[in-house]
> 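Can you read through this structure? Questions will come right after.
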Amino acid sequence: MRLVERLPARIRPLLDTRSFRQTMTIGAVFVVVTSGAVLWSRSLLTDLVKDHVVELLERDTATQRQLGRFGDAPDLAADLRRRAQFETETARRRLVLDASGRLLYGDDATAARLLDALNCDPARLASCPTGLVERRGKDATDGWKMQALVVALPDGGRFINAYDIQPMLSQMRAVPLAAGVGVLLFLLTSLTFGVYFSSGTLRRVGAMSEALAAYAGGDRNRRIDVGRTDDEFAGLGREINRTLDRVNRLVEEVSSVSSSIAHELRTPLTHLHNRLAGIAEDCADPEIRRALEDGIGETRRIQQLFRAIMRLGEIETARCSLSMEPLEAEPLLEEIRESYLPLAEEEGVVLSVAAEPGLRIRGDRTLLFQAIANLVDNALKYAPQGREIRLSAGIRDGWEELCVADRGPGLAPGQRALAVQRFFRLNPQDGVPGYGLGLSIVGAIATLHGGGLLLDDNAPGLRVTIRLGRHAQME
């Protein structure tokens, strides 16, 4: 039952590929053209049969005239009886009637059907039509169609020479039937090849997407398997692999430069910090000591800012260690709550956790802890005393989400897009400490997990949501 339910979800991607649509388009065009050709050829064959029968009738009548046999009705009837002994059985039917309408040649059943179809009353033979006549049996059960040539005889009689063309027309029904079977086989073959090529396309595209996702997730050695077939996918794979190699080289160069900068700046900053701390410790002048302590605070701030920038660069370039694993959402949030509980109590803010029971998410625990901690730290800076900061986790629209909501001043809609940019601060003069990198780091972590960062109004306050990947049921 589960297989039947999952079958449409597996087939639909195959039907949405360009190769399948192209195959089906070619098949549809073939069906339309073939159907039109079959209908046209059947009509053409029907006309050819009718023309051939008319030609036979006219040739037979012309032969009779040349032999001088179109005399009185009794003589013509006697001549036809003599010739009937030497002629093979055919679909042709001949009748000879005298001027009074009496049947001189032909069987009564055929005469009754032909005369009825011709609307010919033997008692008034002069009113019967002459020349070429085409008639179909009046009764639907008759199943015959007649081509006839009616000739008026000199003594007032009638010579009716007719062919039943229905057997020949019936045989032509096999033409559209055979063509229909051929078209059906072609459609089934096209469908089979369309599914085959589509599955191959999806397999190649899926392999590329998987390789790129693994690379974006931090596996810098992951490449696309080109295979032995030299087609457009192989060419695209080679170009992507060359691009990834170049990206690796650039990342290594940037990493090398960053490491050099970090080493060159961290050491003198540490020396400066220690030097100022030593001087301040031995300084007896209170004013000079306060100035030195301010300098020490500035060097500490520079070091923290530098570490934040370096951390953001590591996350954005996926150079940080990434360990994706199933995590219990509620214990993770409770651990962060306990870490910030003393600070929250000092600020007079209530920290609460609301997570779906038993919810398990997939992610890197260290990075997610850092991201939520950054959000809680920001919320504590702006949350009014006595208000609540809520940490929550859940599934929305199929996405795993971690959320921190406060009751502070919030952000206007036009400011939310700017808030995730580096070094953006709503009001740098408000005295609130920070570097404007917190939300940038959180956004980079969310992107590294395959999701994004959402900022919404909490009415009042700000609701920040870390959207992770699509939720999958875990064992």
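All heavy atoms count here, side chains included; hydrogens, waters and symmetry mates do not. One is the number of the first residue; the rest follow in order along the sequence.
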> Within the 4.5 Å heavy-atom criterion, are I361 and L359 side-chain neighbours or not?
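In contact.
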
> Thinking salt bridges, do R249 and D245 make one under a 4.0 Å N-O criterion?
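Answer for the salt bridge query: no.
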
> Give the minimum heavy-atom separation between P326 and R360, together with the two atoms involved.
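Answer, listing the atom of P326 first, then R360: CB-NH2, 3.6 Å.
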
> Tell me whether the count of non-hydrogen atoms from other residues, nucleotides or ligands lying under 6.0 Å of CZ in R223 goes above 12.
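More than 12 heavy atoms, drawn from other residues, nucleotides or ligands, come within 6.0 Å of this atom.
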
> Is there side-chain contact between T447 and L453, with heavy atoms separated by less than 4.5 Å?
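Counting from C-beta outward, T447 and L453 never come under 4.5 Å.
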
> Any side-chain heavy atom of L367 within less than 4.5 Å of one from H449?
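Answer yes - side chains close enough.
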
> When rounded to the nearest 0.5 angstrom, what is the spacing between CD1 in I389 and CD in E347?
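If I round to the nearest 0.5 Å, the distance is 9.0 Å.
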
> Between Y340 (side chain) and A373 (backbone), is there a donor-acceptor pair under 3.5 Å?
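Checking the backbone N and O of A373 against the side chain of Y340, a donor-acceptor pair under 3.5 Å is found.
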
> Quick check for you: to the nearest 0.5 Å, what is the distance between L351 atom CG and E345 atom CD?
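Rounded to the nearest 0.5 Å, the CG-CD separation comes out at 8.5 Å.
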
> Looking only at heavy atoms, which two atoms of S339 and F369 are closest? And how far apart?
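Scanning both residues completely, I find the closest heavy atoms to be OG-CZ, 4.0 Å.
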
> Could you report the tightest heavy-atom contact between R387 and P460, atom names first, then the distance?
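Closest approach of R387 to P460: NH1-CG, 4.3 Å.
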
> Does any part of the side chain of L332, heavy atoms only, come nearer than 4.5 Å to the side chain of L368, both counted from C-beta?
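Answer yes - side chains close enough.
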
> Side-chain contact test, heavy atoms from C-beta onward, threshold under 4.5 Å: evaluate it for T366 versus Q370 and give yes or no.
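Of all side-chain heavy-atom pairs linking Q370 with T366, none is under 4.5 Å.
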
> Check the pair E401, T465 against side-chain hydrogen bond (donor to acceptor under 3.5 Å, both in side chains), reporting the backbone distance first and the verdict last.
CA-CA 6 Å; E401 292 185 346; T465 301; 4.8 Å; no

> Identify the two heavy atoms, one from V442 and one from A371, that lie closest to each other, and give their separation to 0.1 Å.
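Here V442 and A371 meet closest at CG2-O, 3.4 Å.
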
> For a side-chain contact (heavy atoms from CB on, under 4.5 Å) check, start with the C-alpha distance between R396 and R467, then their side-chain angles and the critical distance, and finish with the verdict.
CA-CA 9 Å; R396 185 173 65 170; R467 172 167 284 184; 4.0 Å; yes

> If I compare all heavy atoms of G363 with all of L327, which pair ends up nearest, and what's the gap?
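Smallest interatomic distance, heavy atoms only, reads O-CD1, 3.6 Å.
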
> How long is the straight-line distance from SG of C403 back to CG of N458, given to the nearest 0.5 Å?
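It is 7.5 Å, given to the nearest 0.5 Å.
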
> Calculate, to the nearest 0.5 Å, the distance between atoms OG and CG belonging to S352 and L333 respectively.
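Answer rounded to 0.5 Å: 10.5 Å.
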
> Not counting sequence neighbours, list each pair that qualifies as a salt bridge (Lys or Arg N to Asp or Glu O under 4.0 Å) and has a residue in residues 201-214.
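Those involving residues 201-214 are R204-D231, E210-R222.
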
> Does any part of the side chain of R365, heavy atoms only, come nearer than 4.5 Å to the side chain of E335, both counted from C-beta?
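Result yes, sub-4.5 Å side-chain heavy-atom pair found.
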
> When you compare the side chain of I466 with that of L468, does any pair of heavy atoms fall below 4.5 Å?
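Side chain of L468 against side chain of I466, heavy atoms only: contact under 4.5 Å found.
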
> Output, in order, the C-alpha distance, side-chain angles, deciding distance and verdict of side-chain contact (heavy atoms from CB on, under 4.5 Å) for D457 and L462.
CA-CA 5 Å; D457 187 13; L462 183 65; over 6 Å; no

> Find the distance between CD1 (I240) and CG (L236) and round it off to the nearest 0.5 Å.
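If I round to the nearest 0.5 Å, the distance is 4.0 Å.
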
> Can E293 and R290 be counted as an ion pair, charged N to O under 4.0 angstrom?
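No, E293 and R290 are not salt-bridged.
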
> Got R463 and D406 here, is their nearest side-chain heavy-atom distance under 4.5 Å?
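SC-SC contact between R463 and D406 ruled out.
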
